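For reference, the structure is listed below as structure tokens.
Keep in mind that what you see is a predicted model, and the values were worked out from it rather than measured. Side chains are part of it too, since the values below use all heavy atoms of this structure and drop only hydrogens, waters and symmetry mates.
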Amino acid sequence: RDDQIITDALRPVAHLTSSPTEDVTTLLVVDDSADMRAYVRARFETRFRVVEAADGEDGLALARELIPDLIISDVMMPGMDGHALCGALRSSHETDFIPIILLTAQAGQEERIAGLGRGADDYIAKPFDMRELEVRVDNLLVSRRRLRERFAVEQVRLKPVVPAVDSADQAFLDRLHAALVANLDNPEFGVAELASAVFQDRSHLFRRTRELLNEAPSDMLRRLRMERAASMLASGHDGVAEVAYGVGFNSVSHFCRSFRESYGVTPSEYRAKAGVPA
């Protein structure tokens, strides 16, 4: 799909600064003006993965496929306009949590009320100062990430596969548990950081977690994050984006793929199966 997009100037252009499988914040820019898409992309592509769509229909399809972290959309577009795109995104549990900023040349109060009424998180009139758009994007993303503070660490569990462990091993497990409790919501916390936190080199950490937990450290981190995510989703108190950030992901789309790999269903489907009201 990316090759077709890039080679066809009349279709959406996907400009990726990283692999779609990486945990990188993704912005979707929807605008029928190639110049406007390029203008916005140039401002953000050094910090985020940027994907483009030239109309609302393609923007909706990409949003459903990629689950971006934020959408910037023009209002006036042929076919599905920005208001209709907003309404379609908000009507689906798979996409209703994605922040949306609408851009429009119609700056009247009624137009703004209409956009906000369809579920837009912010509204910017054209022409606009790019610095304002950048600040509003950052504010929306930061507000989502602040939800990490709601992450409850008491449900992090480490269960040795042996009936009992000696005092040295128990002390190691205690350090391991404390390190995970403190950092499971931190996207920068990986195997190297875990090894440092428990005063082990990586090879020694790998051996001891294999012996005591029958897991590699990377698998253990992934399992605990997914278990915590499942618990948060089933509780009904957190949306998909809140859960993604709460278990240390930078990208909601990457979280959704990882969760589906672990549980065989999307986060929204898992919530529904757990009986959480829509």
Side-chain angles (χ1 to χ4, degrees), residues 1-2 12 14 16-30 48-53 58-73 85-86 88-101 119 121 137 140-148 150-152 155 184-190 218-219 221-278:
R1 181 177 173 82
D2 288 346
L16 309 182
T17 57
S18 60
S19 166
T21 61
E22 291 183 53
D23 184 20
V24 178
T25 299
T26 301
L27 303 187
L28 171 59
V29 181
V30 186
F48 306 121
R49 175 173 174 255
V50 180
V51 183
E52 301 176 31
D58 284 314
L60 180 61
L62 280 172
R64 288 170 172 168
E65 175 186 350
L66 299 176
I67 313 297
D69 296 279
L70 186 141
I71 296 172
I72 301 170
S73 176
L85 174 61
C86 245
L89 292 166
R90 293 295 181 247
S91 68
S92 169
H93 299 314
E94 296 292 334
T95 56
D96 61 2
F97 56 86
I98 302 173
I100 303 169
I101 297 176
D121 293 271
V137 166
L140 281 172
L141 292 174
V142 166
S143 70
R144 294 303 196 270
R145 282 164 172 75
R146 281 177 179 157
L147 293 169
R148 287 175 177 162
R150 298 172 55 187
F151 173 60
Q155 296 191 36
L184 202 58
D185 61 335
N186 179 2
E188 305 303 322
F189 189 77
S218 57
D219 294 336
L221 277 168
R222 175 186 172 88
R223 173 180 63 81
L224 291 174
R225 281 180 164 136
M226 290 300 100
E227 286 181 359
R228 177 55 186 153
S231 175
M232 293 171 75
L233 289 166
S235 74
H237 298 301
D238 302 277
V240 175
E242 290 93 329
V243 172
Y245 299 137
V247 295
F249 280 78
N250 284 314
S251 165
V252 176
S253 59
H254 184 64
F255 165 73
C256 290
R257 285 191 297 270
S258 297
F259 190 89
R260 186 162 192 166
E261 289 172 3
S262 295
Y263 289 94
V265 293
T266 66
S268 295
E269 289 169 342
Y270 188 91
R271 281 168 56 91
K273 288 185 177 182
V276 177

Indicate yes or no for a side-chain donor-acceptor contact from [X] to the backbone of [Y] under 3.5 Å, with no hydrogens or angles considered.
X	Y	answer
Ser231	Arg228	no
Ser92	Ala88	no
Asp69	Thr26	yes
Arg225	Leu184	yes
Arg90	Asp96	yes

So do the side chains of [X] and [Y] get within less than 4.5 Å of each other, counting heavy atoms only?
X	Y	result
Leu89	Ile100	yes
Ser253	Arg257	yes
Glu188	Asn250	yes
Arg271	Val243	no
Phe255	Met226	yes
Pro68	Leu27	no

Take Leu28 and Leu66, measure what side chain to side chain contact (heavy atoms under 4.5 Å, CB included) needs, and give me the verdict at the end.
CA-CA 9 Å; Leu28 171 59; Leu66 299 176; 6.0 Å; no

Interatomic distance, [X] atom [atom1] to [Y] atom [atom2] [nearest 0.5 angstrom]:
X	Y	atom1	atom2	answer
Ile71	Leu62	CD1	CG	9.5 Å
Ile101	Cys86	CD1	SG	11.0 Å
Tyr270	Arg260	OH	CZ	15.0 Å
Glu65	Thr95	CD	OG1	13.5 Å

From Ile98, Val252, Val137, Asp121, residue fulfilling side-chain contact (heavy atoms from CB on, under 4.5 Å) relative to Leu70
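Of all the options given, the one that passes is Val137.
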
For a quick check under 3.5 Å, do Ser268 and Thr266 share a side-chain donor-acceptor pair by atom type?
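Per modelled atom types, Ser268 and Thr266 side chains form no pair under 3.5 Å.
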
Which atoms form the tightest heavy-atom contact between [X] and [Y], and what is the distance?
X	Y	value
Phe259	Pro267	CD2-N, 3.8 Å
Arg222	Glu261	NH2-OE1, 3.0 Å
Ala229	Val247	N-CG1, 3.8 Å

Parallel under 30°, tilted from 30 to 60°, perpendicular over 60°: which one fits the rings of Phe249 and His254?
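Taking His254 first and then Phe249, their aromatic rings sit tilted (interplane angle of 30° to 60°).
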
